[in-house]
Amino acid sequence: MAKGFFTDTTVCIGCKACEVACKQWNQLPYDGYHFTGMSYDNSGDLGASTWRHVEFIERPVPLGGQTAGNFSWLMMSDVCKHCQRAGCLEACPTGSIVRTEFDTVYVQPDICNGCGYCVVACPFGVIDRLPADGRAWKCTLCYDRLKDDMEPACAKACPTDSIIFGEVADLRDKAQARVEQLHERGMTEAYLYGHDAASQPGTGGLNAFFLLADKPEVYNLPPDPVVPTKKVAESWGALALAGLGMVMTVAAAVLTQRDRAR
Amino acid sequence: MMEGSREPSAEELSTKEPKHRRDDGRYIDASVGALSGEGSQQETGAPGSTEPVKAFSSVPSIWGGRQFEPTYYGRPAIKSPVWIWTIPAYFFVGGLAGAAMVLGSAAQLLGGARMRLFAQRCHWTGAAAGGIGSALLIADLGRPSRFLNMLRVFRPTSPMSVGSWVLAAATPCSLGAALFYRQGGLLGSLGEMGGYGAGILGIPLAGYTGVLLANTAIPVWQQSRRSLPVLFIGSSMTSAASILKLLPLPPGGGDVVHTFGVVGSLIELAAGRAMERESSQVDQVGKPLRQGAAGMLWTTAKVLTAASLVASVLPGQSRGKRRLAGILGALGSICLRFAVFHAGQVSSRDPHATFRQQRAGYGAAEVTGKPAVTGPERRPLPAPKTKEEIWDTGVSGSGGASEQE
């Protein structure tokens, strides 16, 4: 029952219908008008009230198989990845962030107390706290629509099927076939980002994964993301050692003082 | 028109509007305007509170694609901490509470009758600092009224959850010990038990915040994950000793506090050096500790701690000397917490820190032994052209602040 997105960036035309559909369906507030100067991207990044974000990359190099011109556009609709090992979920101290019956990661607004720990625990910089609201927000993968057997608003609105919604297992097959097709056409740089645990061990695979045509950094995606909890055992170990040192120090200090007093 | 100014509900509209009105193309179903979406609860504050439009000295879209080491227009790859100053302040106060509780219960257990007053003083310090620390934490919450949700679940994967439980249990234990430990009877033994409980909980309380910071995606914190907890324990020992030195100390306390503080400062200085080395395994990751405001705070912390150490070990028993060592030690510890906090802020805003750390093998590869798939080798980008070759309309400026390479 794992649901997710396959976002094929090679067919994205940068229309931002997903951004608008997401804002409309979820009735998210506006976040001001900014002129970023970053090509056609004036949303900047994903945030508490921006749950889909279309990136625009202008490259002075052609795509593989491109016959005309010395320039190429890359566009990508970014979204919460709904990781198999979700940093936000594992960090949430209130139990506000849960995994739903659709295997998606969902923040319960009636429980979140705005501690802000999920914000720094996300290796993709997705979830954020809304200053005036005080709580953390991110893509819900349209939990309300899924419960009614509808596809998420962004996927529904996408005119080129760059955003495909479905069972993650089916999506993986579709994505693999698409990569092979692109390779046949000469676009050998196409690859899948985070489609399973083998290709992205740090997150255990993403329920919302991507087909990319350049390095992840170009799309502001981390090249080797890791859920912080995978590394934290060593920290607890160091804490235990230092704690032991503190106890031994204090015991020695008290004992020598007592002996001296006698 | 209906009586009163109440607007008709969607249901009333759809049934009460005559059919020709509903079909004339102007009728709008009011229910689609009802705020019921998943983001509709978001509170936004006053309009116009967003940041002003920034002016650019260059065209980011032209420079973005040409970087040898690509980023997305120099945008941060991760989010910055949303925490305010109360969080590093809590690192200091909470750590101090934990170390004071450990001191108190050790004096209880091993100090004999002579140190009972000192043990009580330690527990008073621990309880007060625990209380102040809790208030600082609540002040930072986005929804302070929901602070009790911190104790809604216990989540071992979250150092913040573990720490909340530790703080919530240790503070009343310490308070109980402070209030009742020196009394007789049932209350006295309850106080004694509380003191031991606080002592055990004080160990993680003194250093869990280091684990909490290490358990994030912020490059400099994650990279320093072995030294941070040790550094914070050392700093907590220094700060507890420093604050106790500033109070009039009961018999037997002075020497214990002195030893505790000296060892704490030594740990703090050594772990600080270890953190510099650990974070600089990737040069870009360790940078915030070496330069800028965070770097200055970091150096100041080191100098203050070293000065406090020197003031402690110099011969002499004067009250003034003890006070000076206490003040220097406490200031050093405060500076250290703020330095680490601000280094994280700087690090989070630097996409090169995130990317280089992971490219250097310190991402998931470090623990899984297998790096993520990042596509075939990048086709080489053309040699950078001059500004005039690409853009001849006279845009001024160079590559922008984000382009460091």
Side-chain angles (χ1 to χ4, degrees), chain A residues 26-29 32 35 37-39 58-60 90-91 93-95 109 113-114 116-117 119-121 123 125 128-130 132-135 140 144 189 191 199-202 215-218 220 222-224 226 228-232 234-235 238-239 242-243 246 249-250 253-255 257-258, chain B residues 35 37-45 50 53 56 60-61 65 70 72-73 78-79 81-83 106 110-112 141-143 146 149 152-153 157-158 160-161 203 207 211 214-217 225-226 229-230 233 252 255-256 259-260 263 355 358 363-364 367-368 370-375 378:
Chain A
N26 294 305
Q27 297 180 325
L28 290 160
F35 178 68
M38 296 164 11
S39 190
E58 301 173 10
R59 298 191 318 166
E90 293 183 12
T94 63
N113 67 3
Y117 199 28
V119 176
V120 285
D128 203 1
R129 194 164 85 176
L130 197 64
D133 180 78
R135 291 172 292 184
T140 62
D144 52 353
E189 66 265 46
Y191 69 101
S199 72
Q200 199 175 87
K215 291 290 165 201
E217 291 96 323
V218 172
N220 213 14
D224 193 16
V226 61
T229 25
K230 278 210 177 203
K231 288 183 164 182
V232 82
E234 283 172 310
S235 282
L239 177 67
M246 174 167 63
T249 307
V250 74
V254 174
L255 283 174
Q257 170 58 27
R258 190 177 64 178
Chain B
L35 282 176
E38 287 185 321
S40 63
Q41 296 177 47
Q42 289 193 355
E43 289 167 21
T44 51
T50 54
V53 172
F56 283 87
S61 53
Y72 187 68
Y73 304 111
I78 50 173
K79 291 276 181 284
V82 290
W83 298 323
L110 306 168
L141 291 180
R143 292 279 167 116
R146 294 185 182 175
N149 280 6
R152 185 176 165 268
V153 295
T157 57
S158 167
M160 192 182 273
S161 173
I203 304 169
V211 183
N215 186 46
T216 62
R225 65 187 183 282
R226 295 179 200 88
V230 185
I233 288 259
D255 288 339
V256 173
T259 314
F260 196 63
V263 175
F355 296 155
Q358 297 181 12
V367 276
T368 58
K370 195 171 154 295
V373 173
T374 56
R378 197 172 201 270

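Quick note on labels: first sequence line is chain A, next is B, and so on, each numbered from 1.
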A.B. asks: If you measure from CG on Asp144(A) to CG on Asn26(A), what distance do you get to the nearest 0.5 Å?
C.D. replies: 6.5 Å

A.B. asks: Using a cut-off of under 4.5 Å on heavy-atom pairs, state which of Gly125(A), Gly243(A), Pro216(A) scores highest against chain B.
C.D. replies: Gly125(A)

A.B. asks: Could you tell me which portion of Leu130(A) (side chain, backbone, both or neither) has an atom closer than 4.5 angstrom to a non-hydrogen atom of chain B?
C.D. replies: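 Side chain only.
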
A.B. asks: Would you mind checking which part of Val82(B) comes under 4.5 Å of any heavy atom in chain A, side chain (CB onward), backbone (N, CA, C, O), both or neither?
C.D. replies: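 Both parts, heavy atoms under 4.5 Å.
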
A.B. asks: Could you check which of Lys230(A), Arg129(A), Gln200(A), Glu217(A) has the highest count of heavy-atom pairs closer than 4.5 Å to chain B?
C.D. replies: Glu217(A)

A.B. asks: Between Tyr117(A) and Ser161(B), is there a side-chain heavy-atom distance shorter than 4.5 Å?
C.D. replies: no

A.B. asks: With respect to chain B, which residue among Gly202(A), Ala253(A), Ser235(A), Ala238(A) yields the maximal number of heavy-atom pairs within a distance under 4.5 Å?
C.D. replies: Ser235(A)

A.B. asks: Mind ranking Val232(A), Val226(A), Val120(A) by heavy-atom pairs under 4.5 Å with chain B and telling me who comes out on top?
C.D. replies: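 Ranked by heavy-atom pairs under 4.5 Å with chain B, first place is Val120(A).
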
A.B. asks: Answer yes or no: is there a donor N or O on one side and an acceptor on the other, between the side chain of Arg143(B) and the main chain of Gly114(A), under 3.5 Å?
C.D. replies: no

A.B. asks: Nearest 0.5 Å, what's the CD-CD distance between Gln27(A) and Gln42(B)?
C.D. replies: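 It comes to 11.0 Å.
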
A.B. asks: Just to verify, what does Pro222(A) make a side chain to side chain contact (heavy atoms under 4.5 Å, CB included) with, not counting sequence neighbours?
C.D. replies: Phe124(A), Tyr193(A), Pro225(A), Gln358(B)

A.B. asks: Heavy-atom distance under 4.5 Å to chain A: side chain of Thr368(B), backbone, both or neither?
C.D. replies: side chain

A.B. asks: List for me each residue that meets side-chain hydrogen bond (donor to acceptor under 3.5 Å, both in side chains) alongside Thr374(B), sequence neighbours excluded, and say none if there are none.
C.D. replies: Arg359(B)

